[in-house]
Amino acid sequence: MLLLLLVSMGCYQKPTADLILFNGKIYTVDSSFSTVQAMVVTNGKIVETGANALANKYQFRQKIDLMGKSVYPGFIDAHCHFYGYSTDLPKCALFDTKSFDEVVQRVKEYAANNKFSWILGRGWDQNDWQDSTYPDKTLLDSLFPNTPVYLMRIDGHAVLVNQKALDIAGITTSTKVQGGEIITKNKRLTGLLIDNAVDIVKAHIPEFTAQIKKEGLIKGEQNCFAVGLTSLVDAGLRVEDILLLDSLHKAGTIKMKIYAMAELTNESKKYWFKRGKYKTDHLQVKSFKLYADGALGSRGACLLLPYSDMPGHYGFMLKDEDSIQLLAKEIYDNGFQLNTHCIGDSANRFMLQVYAANLKTKNDLRWRIEHCQVVNHDDLKYFSDYSIIPSVQPTHATSDMYWAEKRLGSERIHDAYSNKALLKETGMLALGSDFPVEDINPLFGFYAAVVRKDQKGFPPAGFEAGNKISRQEALRGMTIWAAYSMFEEKEKGSLEKGKVADFVILNDDLMTAPDSILYKLPVQATYSNGVKVYENKN
């Protein structure tokens, strides 16, 4: 009676909330994939979701009339290289070049204003050139005889360097390296280095200053917010890289939420095994990144049968099998998650067996296989039997489809990029992009996953179309399933009461928009912890 009396006297005060979004279609991505009209946010967390009537329940500091727009949980990239992408921004961009001549032209233009002691670039892919043979260093030697040049292939598994860089690193035709190749022709160095051979030169490149790195990370974060990314998994970071990110988070300089896989080196193991798992509001470290083999494009992926376009060549593992088994046991014994780069069907089979030997049965340790590009159909059972999470990048299929069958042949191609088969086996996929190998825009991956075509609509029926997944599955893969793969599904990945208010606003509806425009839908706004971090001014 007293409450009724107070209300009638106008003394009852509605509870106060920071923000309400209403009059829209909000995809909660909860267990039933429900949609609501309104969402209430306070102190960076979701207080309530429901109908538009929520607008009358609270007093709000801010109201957003969505006017029919769609809202989604903040997109999560389950496998990328944010630190590398951001700190590569000052380097020469070689993405989308159509010939080696174009690469050289870009390098010449870049070099004219380069103030760093090395000429650094990334992004070339010989598979995109009319002449798809690997380049050599001859032209670089003539143009830059006294400045070291280091040009990384798009996938990071090969580089082209000039003679000056080879001299600095001490590489000769007699240099040997396990788990990599130093390519020669007619008994002379070509300047092309594959997989572990890359590290010989990389070790001699001076570090960028902390200020250059900081500026790159700020710019990289803004680029990510602009495409709706609010969290990401950074796949393989040095101790000092993680500590820099942590310091920038604590200073409020960057806000991107990062699940960092530590690189698997003796230094990194010693540091993290002693310190233990680490978690803040913006950073978590509880996993290690292992590389099993190389890339398919550079023929470093380890296959069960020889490459169809290089008889007798199987690719290679980057470490010997005994070392990998010991590393896996060490990570298991110390309670960390293991996430392993596996491209070829031989690498996938071996690592799945190593996982099985440690995990023993179904579990909640969430060990992941990264990429899963070629998995023999007889090996799919390991994923479900041992609760192994497949972490896949849908755009790899549509980037590689022009040449992948040449590498694998007409039969083995059916075991490649098999997203639907992996999903059927496990009930979940963690979706990412592997940027900067691919574009940072998660909607490119969404489109590739559900359509299996390039952005020109090729091929008309879709590449290996039986491995399309549904739009609902793709959205789960880049939100709640990605969050699960990083042990954060209770705090993010869906728009439910008590979770952080990370969300993205789009004008269009990802669930109903025509296939042909899915990849180019602009993000209208991105929010992290209920705070706007990006707004489309157009």
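Keep in mind that this is a model prediction, so the values were computed, not measured.
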(message) Does atom NZ (Lys319) have a neighbourhood of more than 12 heavy atoms from anything else shown, all under 6.0 Å?
(response) no
(request) Please assess Asp454 against Tyr402 for the test side chain to side chain donor-acceptor pair (under 3.5 Å), listing each intermediate value before the final yes or no. (result) CA-CA 10 Å; Asp454 67 17; Tyr402 311 103; 2.6 Å; yes
(request) Applying salt bridge (Lys or Arg N to Asp or Glu O under 4.0 Å), name anything that partners Lys91, two or more places apart in sequence or on another chain. (result) Asp88
(request) Begin with the C-alpha distance, continue with both residues' side-chain angles, and end with the deciding distance and a verdict on side chain to side chain donor-acceptor pair (under 3.5 Å) for Thr340 and Tyr355. (result) CA-CA 10 Å; Thr340 305; Tyr355 277 28; 2.8 Å; yes
(message) Once rounded to the nearest 0.5 Å, what's the spacing between atom CE of Met256 and atom OG of Ser86?
(response) 8.5 Å
(request) Taking atom types as modelled, find out whether Asn376 and Asp345 have a side-chain donor-acceptor pair closer than 3.5 angstrom. (result) no
(message) How long is the straight-line distance from CG of Asp128 back to CH2 of Trp403, given to the nearest 0.5 Å?
(response) 9.5 Å
(request) Compare every heavy atom of Asp502 with every heavy atom of Ser231, then report the nearest pair and how far apart it is. (result) OG-OD2, 4.3 Å
(request) Just say parallel, tilted or perpendicular for the rings of Phe316 and His313, cut-offs at 30° and 60°. (result) perpendicular
(message) The criterion is ring pair (Phe, Tyr, Trp, His ring centres under 6.0 Å); which residues satisfy it with Tyr527, sequence neighbours excluded?
(response) Phe503
(message) Within the 3.5 Å criterion, strictly below it, is a donor on Thr138 or Asp136 matched to an acceptor on the partner's side chain?
(response) yes
(request) Before giving the answer on side-chain contact (heavy atoms from CB on, under 4.5 Å), spell out for Leu359 and Ile388 the whole-Å C-alpha distance, their side-chain angles and the decisive distance to 0.1 Å. (result) CA-CA 9 Å; Leu359 299 174; Ile388 299 167; 4.1 Å; yes
(request) Check Met401 against Phe458 and note the closest heavy-atom contact, atom names and distance. (result) CE-O, 3.2 Å
Which donor-acceptor pairs under 3.5 Å do side chains of residues 477-487 form with protein atoms, sequence neighbours excluded?
{"from": "Thr479", "atom 1": "OG1", "to": "Leu475", "atom 2": "O", "distance (Å)": "2.6"}
{"from": "Tyr484", "atom 1": "OH", "to": "Asp364", "atom 2": "OD1", "distance (Å)": "3.3"}
{"from": "Ser485", "atom 1": "OG", "to": "Arg368", "atom 2": "NH1", "distance (Å)": "2.8"}
{"from": "Ser485", "atom 1": "OG", "to": "Ala482", "atom 2": "O", "distance (Å)": "2.7"}

(message) Let's go through Asp385 and Lys362 carefully: what are the C-alpha distance in whole Å and the side-chain angles of both, what is the deciding distance for salt bridge (Lys or Arg N to Asp or Glu O under 4.0 Å) to 0.1 Å, and is it a yes or a no?
(response) CA-CA 6 Å; Asp385 288 350; Lys362 291 184 183 296; 5.1 Å; no
(request) Flag the pair Gln105 / Thr97 as yes when at least one side-chain heavy-atom distance between them is below 4.5 Å, and no otherwise. (result) no
(request) Check the side chains of Asp439 and Asn441 for a donor-acceptor pair under 3.5 angstrom, ignoring hydrogens and angles. (result) no
(request) Grab the two heavy atoms, one from Asn419 and one from Leu429, that are nearest each other, plus how far apart they are. (result) O-CD1, 3.6 Å
(message) Taking the side chain as everything from C-beta on, heavy atoms only, tell me whether Phe82 gets closer than 4.5 Å to Leu217.
(response) yes
(message) Would you say Gln325 and Glu321 are linked by a side-chain donor-acceptor pair, where the criterion is simply a distance under 3.5 Å?
(response) no
(request) Could you pull out all residues at least two apart from Glu102 that satisfy salt bridge (Lys or Arg N to Asp or Glu O under 4.0 Å)? (result) Arg106
(request) Output all residues satisfying salt bridge (Lys or Arg N to Asp or Glu O under 4.0 Å) with Lys289, sequence neighbours left out; order by chain, then residue number. (result) none
(message) Within this structure, what is the CG-NE2 distance for the pair Asp155 and His396, rounded to the nearest 0.5 Å?
(response) 8.5 Å
(request) Identify the two heavy atoms, one from Asp434 and one from His371, that lie closest to each other, and give their separation to 0.1 Å. (result) OD2-CE1, 3.6 Å
(message) As an exercise, state the distance from OG of Ser298 to CD of Gln126, rounded to the nearest 0.5 Å.
(response) 8.0 Å
(message) Among residues at least two apart in sequence or on other chains, which ones pass salt bridge (Lys or Arg N to Asp or Glu O under 4.0 Å) with Asp509?
(response) Lys25
(message) Under 3.5 Å, is there a donor on one side chain and an acceptor on the other for Glu488 and Gln284?
(response) yes
(message) Check for me whether the distance between the ring centres of Tyr519 and Phe446 falls short of 6.0 Å.
(response) no
(request) For Lys360, look at atom NZ and say whether over 12 heavy atoms of other residues, nucleotides or ligands are found less than 6.0 Å away. (result) yes
(request) State, without any angle test, whether Asp241 and Tyr83 hold a side-chain donor-acceptor pair at a distance under 3.5 Å. (result) yes
(request) Apply the test side-chain contact (heavy atoms from CB on, under 4.5 Å) to residues Ser410 and Glu405: give CA-CA distance (whole Å), side-chain angles for both, the deciding distance (0.1 Å), then the verdict. (result) CA-CA 6 Å; Ser410 58; Glu405 190 169 338; 3.5 Å; yes
(message) We want to know whether Tyr85 and Asn223 form a side-chain donor-acceptor pair, criterion being a heavy-atom distance below 3.5 angstrom.
(response) yes
(request) Nearest 0.5 Å please: distance from the CG atom of Leu151 over to the NZ atom of Lys137. (result) 13.5 Å
(request) Kindly determine whether Phe75 and Val504 satisfy side-chain contact (heavy atoms from CB on, under 4.5 Å), including the steps that lead there. (result) CA-CA 7 Å; Phe75 300 144; Val504 183; 4.1 Å; yes
(request) Answer whether the closest heavy-atom distance between the side chains of Leu431 and Val392 falls below 4.5 Å. (result) yes
(request) State, with a plain yes or no, whether a side-chain heavy atom of Phe350 is found less than 4.5 Å away from one of Cys302. (result) no
(request) Taking the side chain as every heavy atom from C-beta outward, state whether Lys202 and Tyr150 have any pair of such atoms under 4.5 Å apart. (result) yes
(message) Are Ile413 and Lys406 packed together at the side-chain level, in the sense that at least one heavy-atom pair is separated by less than 4.5 angstrom?
(response) no
(request) Can you see which heavy atom on Ser494 is nearest to which on Glu496, and at what distance? (result) OG-OE2, 2.6 Å
(request) Verify the ring-centre separation between His377 and His414: is it less than 6.0 angstrom? (result) no
(message) For a 4.5 angstrom cut-off between non-hydrogen side-chain atoms, does Asn348 reach Asp379?
(response) no
(request) Would you please test Lys257 and Glu491 for salt bridge (Lys or Arg N to Asp or Glu O under 4.0 Å) and show each step? (result) CA-CA 12 Å; Lys257 296 172 183 176; Glu491 57 194 78; over 6 Å; no
(message) Checking Thr28 against Ser34: is there a side-chain donor and acceptor pair closer than 3.5 Å?
(response) yes
(message) Measuring only between side-chain heavy atoms, which start at C-beta, is Tyr382 closer than 4.5 Å to Glu425?
(response) no
(request) Evaluate the ring planes of Trp129 and Phe100, with Trp represented by its six-membered ring, and classify them as parallel (under 30°), tilted (30 to 60°) or perpendicular (over 60°). (result) tilted
(request) Taking all non-hydrogen atoms of both residues into account, name the closest pair between Ile505 and Leu66 and its distance. (result) CD1-CD2, 4.0 Å
(request) List the steps, then state whether side-chain contact (heavy atoms from CB on, under 4.5 Å) holds for Phe463 with Lys453. (result) CA-CA 6 Å; Phe463 171 64; Lys453 299 178 183 180; over 6 Å; no
(message) Using the ring centroid of each side chain, check whether His341 and His157 are separated by less than 6.0 Å.
(response) yes
(message) How long is the straight-line distance from CG of Leu495 back to OG1 of Thr49, given to the nearest 0.5 Å?
(response) 8.0 Å
(request) Apply salt bridge (Lys or Arg N to Asp or Glu O under 4.0 Å) to the pair Asp400 and Arg407, showing each step before the final yes or no. (result) CA-CA 10 Å; Asp400 298 356; Arg407 299 282 193 276; over 6 Å; no
(message) For Lys381, I'd like to know if atom NZ has over 12 heavy atoms of other residues, nucleotides or ligands within 6.0 Å.
(response) yes
